[in-house]
Amino acid sequence: MRIFMFIILCMYGSCLIAQQPSIIVLGNVQDGGSPHIGCTKKCCVSLFQKPDPERKVAALGIADPARKSSYLIEATPDITSQLRLLKEYSQTINDIPNGIFLTHAHIGHYVGLMYLGKEALNASQIPVYAMPRMKTFLEQNGPWSQLVNLKNIIPQNLQNGVAVTLSNELQIIPFQVPHRDEYSETVGYKIIGPNKKALFIPDIDKWEKWNQDIRQAVAEVDYAFIDATFFDAEEINNRDIKEIPHPFIIETMRLFEAMPASEKRKIYFIHLNHSNPALLKDSPQSKQILKMGFNIARFKDVFKL
Ligand SMILES: [Zn+2]
Ligand SMILES: [Zn+2]
Ligand SMILES: [Zn+2]
């Protein structure tokens, strides 16, 4: 009877439990979140009155239920609820992940670390994986240095292109990408599971600035969560999209236009600005993305590895 109830619950989507190594989308919004500070436009105005609980800053969770392990990619301002969701999904004993992987030092990607300190969780020795500049930035600047000194976090060195082995079934590889690198390098991650691979590039300058071909990078994986900060020129008041250092969704779709449907299908747009109409599931732009064979990463989406 209990098993039957469990199956019924799962069929109706109220059970979200990892059965095998997998990724869960913990957020899909750009650093500033949604509603966005200071925004008086249509995209946010009603959200100030009635926040949408699915609007969380972009992050991925990795669950490894057989080992009762979980990993968080990005420490966002929404880390509190994201870690609870990851715990529930990965069936770990508490909200503390086995490691946190950071991409770079822009607010949506690392400031959630502040909740691990004395004023909040007062965590004990959470491994935080960061590239050399990012690691030094944390170690040498308050308030982050206090987390290091009090051993709330233990910074772990990443190297460009060098895999970190999480278990005999899971590996994660950082790779450097071009972006505004004021305080740190910026990396994307390749996540390698027992059966499937995923790419995560939440922030990058135009694809042509990268020393790799995104089409080739997508060809080597099964899922690709990639920078979709802006949709098109209309969203930015018809400014020249060439001036904005992100690949616009329409630019990425054009780049993949001639690729087979099986390649387009791997792409899940993530890191959407508050102004991006693709944040709304039923907007014409969301429908256009799906119609053209691409996908949008949505809160609580799950991907088997
Ligand atoms: Zn960002
Ligand atoms: Zn807005
Ligand atoms: Zn950034």
Side-chain angles (χ1 to χ4, degrees), residues 25-60 72-79 82 100-114 130-131 133-134 137-138 144 158 174-189 199-207 209-210 214 224-239 243-249 252 268-281 283 285-286 296-297 299:
V25 175
L26 300 173
N28 66 353
V29 185
Q30 182 269 358
D31 303 46
S34 166
H36 192 273
I37 186 166
C39 184
T40 52
K41 288 187 278 188
K42 220 174 95 187
C43 48
C44 294
V45 77
S46 66
L47 291 166
F48 280 101
Q49 299 302 324
K50 198 169 174 276
D52 178 347
E54 299 199 345
R55 296 276 174 109
K56 306 277 186 205
V57 174
L60 299 180
L72 178 66
I73 309 183
E74 306 292 41
T76 83
D78 292 319
I79 193 169
Q82 290 174 324
I100 298 176
F101 288 81
L102 303 176
T103 59
H104 66 299
H106 283 163
I107 63 159
H109 304 263
Y110 83 102
V111 302
L113 293 177
M114 67 189 177
M131 291 289 286
R133 251 184 92 200
M134 179 82 215
F137 172 76
L138 296 175
W144 323 112
L158 291 175
F175 54 88
Q176 252 176 284
V177 298
H179 188 45
R180 296 182 294 114
D181 291 343
E182 299 94 337
Y183 295 114
S184 72
E185 320 81 342
T186 300
V187 292
Y189 287 107
L199 202 63
F200 179 53
I201 310 178
D203 253 314
I204 189 168
D205 204 335
K206 299 290 187 198
W207 294 124
K209 296 264 174 74
W210 192 23
I214 182 62
F225 304 94
I226 59 177
D227 184 345
T229 310
F230 300 107
F231 184 76
D232 66 3
E234 196 187 324
E235 186 189 342
I236 51 161
N237 298 324
N238 295 308
R239 281 165 62 197
E243 289 171 12
I244 313 284
H246 287 279
F248 280 52
I249 290 182
T252 303
Y268 286 80
F269 291 113
I270 200 165
H271 191 273
L272 281 68
N273 202 54
H274 65 106
S275 55
N276 193 325
L279 272 176
L280 289 168
K281 286 179 188 161
S283 67
Q285 291 85 350
S286 284
I296 303 150
F299 184 62

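Read the numbers this way: they start at 1 and go in the same order the structure lists the ligands and their atoms. Only heavy atoms go into these numbers, but all of them, side chains included; no hydrogens, no water, no symmetry mates. Just so you know, residue 1 is the first one in the sequence shown, and it goes up from there.
Residues Asp78 and Val29 are not in side-chain contact: their nearest non-hydrogen atoms beyond the backbone lie 4.5 Å or more apart. Between Ile214 and Leu199, some side-chain heavy-atom pair lies under the 4.5 Å cut-off. The shortest side-chain heavy-atom distance between Phe231 and Phe269 does not fall under the 4.5 Å cut-off. Here the side chains of Tyr183 and Met134 are not in contact, with every heavy-atom distance at 4.5 Å or above. Two residues are said to be in side-chain contact when any heavy atoms from C-beta on lie closer than 4.5 Å; Ile270 and Phe200 meet this criterion.
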>> Run the side chain to side chain donor-acceptor pair (under 3.5 Å) test on Asp203 and His106 for me, step by step, so that the C-alpha distance in whole Å, both residues' side-chain angles and the decisive distance to 0.1 Å come before the verdict.
In response: CA-CA 10 Å; Asp203 253 314; His106 283 163; 4.7 Å; no
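Ordered by chain and number, Asp31 OD1, His109 NE2, Asp203 OD2, His271 NE2 make up the set of protein N, O or S atoms under 2.8 Å of the Zn ion (ligand 1). Around the Zn ion (ligand 2), the protein contributes the following N, O or S atoms at distances under 2.8 Å: Cys39 SG, Cys43 SG, Cys44 SG, His274 ND1.
Evaluation of the salt bridge (charged side-chain N to carboxylate O under 4.0 Å, His left out) rule for Glu234 yields no partner, not counting sequence neighbours. By the salt bridge (charged side-chain N to carboxylate O under 4.0 Å, His left out) test, Asp31 pairs with no residue at all, sequence neighbours left out.
The side chain to side chain contact (heavy atoms under 4.5 Å, CB included) test with Val25 is passed by exactly one of Phe225, Phe299, Tyr268: Phe225.
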